[in-house]
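Protein chains get the first letters and strands the later ones, always in sequence-line order, with residue 1 at the start of each. The model shown is predicted, which means the values in this text are computed figures rather than measured ones.
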Amino acid sequence: MTQLSLPRRAPNLSWLLLVPAVALMAGVVYVPLIQSAVRSFGDPPSLQEYADLFSDGITMTVFWRTLGSAVVVTLVTLVLGYPYAYMMTRASARVRGLLMTVVLVPFWTSAMARNFAWLILLERNGPVDRIFQFFGIHDVVFYQTTTGVTIAMTQVMLPFMVLPLYSALAGIDRKLLLAAQGLGSTPVKAFWKVFWPLSKVGVMSGLVLVFTLSMGFYITPALLGSPQNSMIAQLISQRATQLLDFAAAGALGTFVLIVTLVLVGMANSQGGSISAISVVVNTDSPKGNG
Amino acid sequence: MAATLGETRTAQAAPPKKLKIKPVDAIPLWLRTLAAIVGVYFILPTFIVIPMGFGGATTTFKFPPEEFSVKLFENFFTNPAWIGSLGKSALVGVLAALVASTFGTAAAVGLHFLPGRLPTLVRTLLMIPLVTPSIILAVSIYVSFLQWHLTGSLPGYVVAHAAIGLPYVLVSVTAALSSFDSTLLRASASLGASPWRSFVTVTAPLISKGIGTGALFAFVTSFDEVVIALYLRSPMFQTLPVQMYNSVTVEIDSTIAASSSLMVIIVSLILFIPQFARAKKTS
């Protein structure tokens, strides 16, 4: 059928170039994920595993805790990352280079080394605790609490917020702000009416990147948290390795993946995009543009 | 991507200088302070890690370390569990980066020259490992690889890590191709070069920086990967991050402090290669 309707031409050989990559992804990602989803429906097929997620009393508690901490991490990275990215657009070339290098530090700090460092930083009477005590704050516990996990997660998620933001903010003409102020607007009002709307694409990209990545944290809560306040990733791991209940682990994984993808889709329609991650990979060294 | 970013940046750099004389538009102090604090937050763990490696072999970790010694590094380089896992990590990383950069470059070139919407879909599908939480991937890979007898084996690690490294190669090669002038290929073809020869002599040198960056990212992604490696491990085959994870959770082994310092140093050196290469070229 299709052969008849298409005009005759030499087949495009470029398709062949995609075969190795797609085959690799199929073997490592697509087939295992699909198998896991299929397994979650059980034999004979039923929705029992999914019904259990909502009724077992644990899963939903952990799910909402994970979602909550992902939201907190996302908002904190926005609040800290926005001024930082803005500062980068304003600073002199040398300072900007320094600020950019510093942003990239969490990337090239090995994940295990970084978590180990947070373990030392956040332990009782550790450096962070001592700083808080110095200011007279004694009742905040960081080790084995959600607070500590959130502090450590925020640090590693910040670059994923700052880089898309910076690439958006750097493209905004600052003269618009001065124009608004020249027309009688206060600096704050000028910011919210002019600058903020123009930066929205960067904001949405940062939000979606940080949120999706935060939903899946496993190592940080496993090392810095406690079993009493575990995250969804630990629950999946526990069901697979300790209970050997692959169907339940598959159901939970599929559920989290769908929720994440729906949220990414929603953000996409708002102008944010997961492909903002390319900013992260392609951020060149800060040198050379001064 | 990188090129356009650079352009907007230089375009931005000019006006603020002129505006600087107006005190109205000065950078407020609170902004400078906040940026400095966030900057410290970024680098804090990294700077903690390096001196920790030179602490003594105690069961409790304290910062700053109470004594100075190279005992932990000695442990690292003499204990087969540690040095062996470093070797395995390096081997898996190099092989995974090779596979990822070959397959990823082929895919990026293919997608670049294909018209229509289907290639866009394929590109999105190839990016899936980036957005899938690693634990979900790890558990699925684990169960499927068990059936295929790939757990705890070098090929298992290499294909898994190649797959998660491939999106980085795809992204960086695509960026390199976006500034590639495809009329050059028509020129070389009209001079009688085969498509393969054109690729090797024309395309490859022009996008080599993109391939190199992608390969380095793929290596570091594999070298540093913990979650999938935790699931694929066997007593015989264990990578360094897994060994580090065990040394915190299973048995308290203070060698992790030295191992963390080494990891940070190795990864920084690798990721600084492109910068050194560029600095050399410009000077």
Side-chain angles (χ1 to χ4, degrees), chain A residues 12 14 17-18 20-21 24-25 27-29 31-33 35-36 80 83-84 87 89-90 93 102-103 105-106 108-114 116-118 120-121 127 155 167 170-171 174-175 212 215-216 218-219 223 233 236-237 240 246 249 253 256-257 264 274 277-278 281-282 284-285 289, chain B residues 1-2 5-6 8-10 12 27 31 34-35 38-39 41-43 45-46 48-49 61 63 103-104 106-107 109-110 113-114 122 126 128-131 133-136 139-141 143-144 159-160 162-163 166 168 171-172 175 217 224 226-227 241 244 248 256 260 263-264 267-268 271 275:
Chain A
N12 197 333
S14 293
L17 292 169
L18 308 184
L24 177 70
M25 283 298 170
V28 179
V29 181
V31 173
L33 281 179
Q35 280 189 334
S36 148
L80 294 178
Y84 191 89
M87 179 72 193
T89 66
R90 295 292 311 278
V102 167
V103 173
V105 166
W108 48 256
T109 308
S110 138
M112 269 312 299
R114 184 168 15 82
F116 172 66
W118 279 115
I120 296 160
L121 279 165
Q155 189 254 351
S167 87
R174 279 191 46 76
K175 274 177 274 182
T212 31
M215 284 294 287
Y218 174 67
I219 298 295
L223 290 181
I236 296 175
S237 166
F246 296 140
V256 173
L257 197 56
V264 171
I274 198 77
I277 202 148
S278 60
V281 180
N282 288 317
D284 272 342
S285 76
N289 53 63
Chain B
M1 191 76 221
L5 210 72
T8 44
R9 250 183 257 163
T10 36
Q12 272 307 98
I27 307 172
L31 189 62
L34 190 70
V38 175
Y41 187 32
F42 274 123
I43 57 176
T46 312
I48 289 281
V49 152
F61 301 107
F63 185 85
F103 290 12
V109 171
F113 292 111
L114 282 169
V122 174
L126 290 176
I128 282 182
L130 283 185
V131 281
S134 52
I135 189 71
I136 297 177
V139 171
S140 317
I141 291 175
V143 184
S144 295
V159 290
L166 192 137
Y168 294 105
V171 163
S172 69
F217 261 87
D224 196 30
V226 207
V227 184
M244 290 167 78
V248 179
I256 187 185
S260 297
M263 276 294 248
V264 169
V267 172
S268 327
L271 290 185
Q275 301 206 8

Please enumerate all residues that pass side chain to side chain contact (heavy atoms under 4.5 Å, CB included) together with A:S36, with sequence neighbours excluded.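 Only A:R39, B:S140 meet the side chain to side chain contact (heavy atoms under 4.5 Å, CB included) criterion with A:S36.
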Rounded distance [0.5 Å steps], [atom1] in [X] versus [atom2] in [Y]:
{"X": "A:R114", "Y": "B:D224", "atom1": "CZ", "atom2": "CG", "value": "7.5 Å"}
{"X": "A:Q155", "Y": "A:T109", "atom1": "CD", "atom2": "OG1", "value": "7.0 Å"}
{"X": "B:F113", "Y": "A:L17", "atom1": "CZ", "atom2": "CG", "value": "9.5 Å"}
{"X": "A:Y218", "Y": "A:I236", "atom1": "OH", "atom2": "CD1", "value": "10.5 Å"}

Go through the atoms of [X] and report whether side chain, backbone, both or neither lie under 4.5 Å from a heavy atom of chain A.
{"X": "B:I141", "value": "both"}
{"X": "B:V122", "value": "side chain"}
{"X": "B:I48", "value": "side chain"}
{"X": "B:L126", "value": "both"}

Under 4.5 Å from any heavy atom of chain B - which part of [X]:
{"X": "A:L223", "result": "side chain"}
{"X": "A:A249", "result": "side chain"}
{"X": "A:L121", "result": "side chain"}
{"X": "A:I120", "result": "side chain"}
{"X": "A:P83", "result": "both"}

Using every non-hydrogen atom in the two residues, find where B:V49 and A:A117 come nearest and quote the distance to one decimal.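 Heavy atoms only, the tightest pair is CG2-CB, 3.5 Å.
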Heavy atoms only: give me the nearest A:G216-A:A233 pair and the separation to one decimal.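 Scanning both residues completely, I find the closest heavy atoms to be O-CB, 4.0 Å.
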Evaluate the ring planes of B:F217 and B:Y168, with Trp represented by its six-membered ring, and classify them as parallel (under 30°), tilted (30 to 60°) or perpendicular (over 60°).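 Ring orientation of B:F217 relative to B:Y168: parallel.
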Chain B interface, residue from A:G27, A:G253, A:P20 that has the most non-hydrogen pairs under 4.5 Å: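 Greatest number of close heavy-atom pairs with chain B: A:P20.
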Flag the one option from [options] with the top tally of heavy-atom pairs under 4.5 Å to chain A.
{"options": "B:V143, B:V226, B:I128, B:V109", "answer": "B:V143"}
{"options": "B:V264, B:V139, B:T46", "answer": "B:T46"}
{"options": "B:V267, B:L31, B:I43", "answer": "B:L31"}
{"options": "B:P133, B:A106, B:S134, B:G39", "answer": "B:A106"}

Any residue meeting ring-ring contact (aromatic ring centres under 6.0 Å, His included) with B:F103, in chain and number order, not counting sequence neighbours: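 Testing B:F103 for ring-ring contact (aromatic ring centres under 6.0 Å, His included), a comparison that skips the adjacent residues, returns none.
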